[in-house]
Amino acid sequence: MKLQLVRPFFSLLACFGAMLIAPSAAHAQTAAAAFSLDDVAARAKALAAAPYAAPVSNLPPTFSSMQFADYMKIQARPDRFEWNDADTPFRLGFYHQGMQFNAPVRINEITGSAVREIPYQPERFDFGGLNIDKQSTQQLGYAGFRVLYPINEGGKFDEVMSLLGASYFRVIGKGQVYGLSSRGLAIDTTSPGSEEFPRFREYWVQRPAPRDRQLVIYALLDSPRATGAYRFVLTPGSDSTLDVQSRIFLRGDAGTLGIAPLTSMFLYGPNQRWPEHLRNFRPAIHDSNGLAIHAGNDEWIWRPLNNPRAVAVSTFEVDNPKGFGLLQRGHAFHHFEDLKDRYDLRPSAWIEPQGNWGKGRVTLMEIPTADETNDNIVAFWSPETPARAGQMLQFAYRMHWTMDEKALHASNNAWVKQTFQSEGEQLQPNLIRALDGSTALMVDFEGPAVANLPPGTALEPQVSVNANADLLETQLQPNPVIKGWRLKLHLRVKDPSKATELRAALAQGGKPVSETWSFQIPPVPPPPAPAPAPSAAPAPATAPPVAPGTATPLPAPTRPAVVSPAPVEAPAAARQPAGVPVFPR
């Protein structure tokens, strides 16, 4: 009798609780019943069991031969955004096919208990006066899509996320402009000639309820050696976040899987001497200026980026990472002085792993570039164990797209604010400075760990340098302007054709109180040999120089650097692999 009374009571309580669920939560539960990550995973698993089928172009010549400037003229019409007539704070705009975006991606909408495809309609686009036969568009489709949300002003829909080309996407927060990009997966990025670019071939977007402030996106990934199921939860804000869940199915063996890969651009900055750019009015040009790592043992590492003379790869053994990312430290306008591209407003991307990722390493790849139109920086984490055919791997992480880099650090830690490199010099008896052929480096540390020290506190620098340089002088002094400390290093490089590696940290009583500054002076390849005398048969092409050093330079890979989001010019077709994005602004 007692049990009969208790069970109806709890049934009634459960019903009453269901009535209290917020409408948006109830909407999310209903949508989850219609479609979930399990559905995408089932498709990815089945896809991995079948032979790979490469995407087939459906572009007529008008679109396949289109130049970048013409492609930029094709814009989604705001009055035809998806959900314009729906009671939701989000909108979807679509990218048209063209150029290397030669195979359509399918985009679906999840509503309630139903899933439907969003059909391609040429009427959604303004073709910008291009002479296009409308009949030729009937069999085309979408290349990707963008997400809009009133992040800056109420009632004004601004773009907060873009998904276009291969598995690339970008996110921004309030007051930010697009900079670096991310990918769903990278495969053998640092292996010459063997990198492949997985692509998102289909998306499912969950229609948000009126009060929803998050957007849920599912994606199906495909490539010759892997398939994948992804769930993205986008939360726009002052710093937007993207929660990522992935299940990866291996079709074939892969030497290196790049998890949470980031792609950025670094042309030059004060940490690297580039005399050929001294006449440019901009003090720095980059989307990111350093790789930051929070290792599983709680060590923080900061590696300033380089634009090297030969392709270089640096690896950091990081087991169970707590975080890593490509950061844009220093957002003051005077660091860049660029009114057009606004590098000062470009966010950092910080990866916060969820769960234990196990043993692995963070890899940084730096590719030479002569201008800012090429993304030449790649960073990712990869597991220690090589991926083998038949495996299924799962990873979850939160991405922070932020301009508040200081918030990433704990209060008991100091970080590098900036790094300067210059020619070494000596003060002569007549007080005139003279260059002495050495290299000078200045590193400014800031943060609560050093700003709040009592007057007279003694800090000691911990500095090490590899065998390719002699450390001539080390000096540490307070920097009252930033409430921090400045470390000055004076060194002489022995062999410029080899990489010079330095590490430094601030310590108190032998215990580090700052992150580890890990710096590389890239090798300078020897000048090319004189061209041989003309002959009847052409000489075979020679490989690019391979400079020895701690960071391993590689021959230039057959796949080129990804085209940067800067819309100023189109890349040469020979440098653009199919499906890699040209991000319109």
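Just so you know, these numbers come straight off a predicted model, no measurement behind them.
- A donor and an acceptor atom, one from each side chain of H400 and D404, are nowhere located under 3.5 Å apart.
- The salt bridge (charged side-chain N to carboxylate O under 4.0 Å, His left out) test applied to R213 returns no partner, not counting sequence neighbours.
- For K174, the NZ atom is loosely surrounded, since the number of other residues' heavy atoms within 6.0 Å does not exceed 12.
- Cation-pi contact between R170 and W401: absent, since separation from the ring centre below 6.0 Å together with deviation from the ring axis within 45° is not met.
- Side chains of R106 and R201 form no contact here, defined as non-hydrogen atoms less than 4.5 Å apart.
- Using a 4.5 Å heavy-atom cutoff, the side chains of E299 and I293 are not in contact.
- Side-chain N/O atoms of W204 and E109 include no donor and acceptor closer than 3.5 Å.
- A salt bridge is absent between R282 and E337; no separation between the charged side-chain nitrogens and carboxylate oxygens falls under 4.0 Å.
- Stacking of R361 on the aromatic ring of F316 is not recorded, the 6.0 Å distance cut-off and the 45° axial limit not both being met.
- Side-chain N or O atoms of D188 include none that pairs as donor or acceptor with a backbone N or O of S191 at under 3.5 Å.
- In this structure, E405 does not pair ionically with R329, as no charged nitrogen and carboxylate oxygen lie closer than 4.0 Å.
- Atom CD of E117 sits in a crowded spot, with more than 12 heavy atoms from other residues, nucleotides or ligands closer than 6.0 Å.
- No donor-acceptor pair under 3.5 Å is formed between the side chain of N102 and the backbone N or O of Q97.
- Judged as a side chain to side chain contact (heavy atoms under 4.5 Å, CB included), and not counting sequence neighbours, A50 has no contacts.
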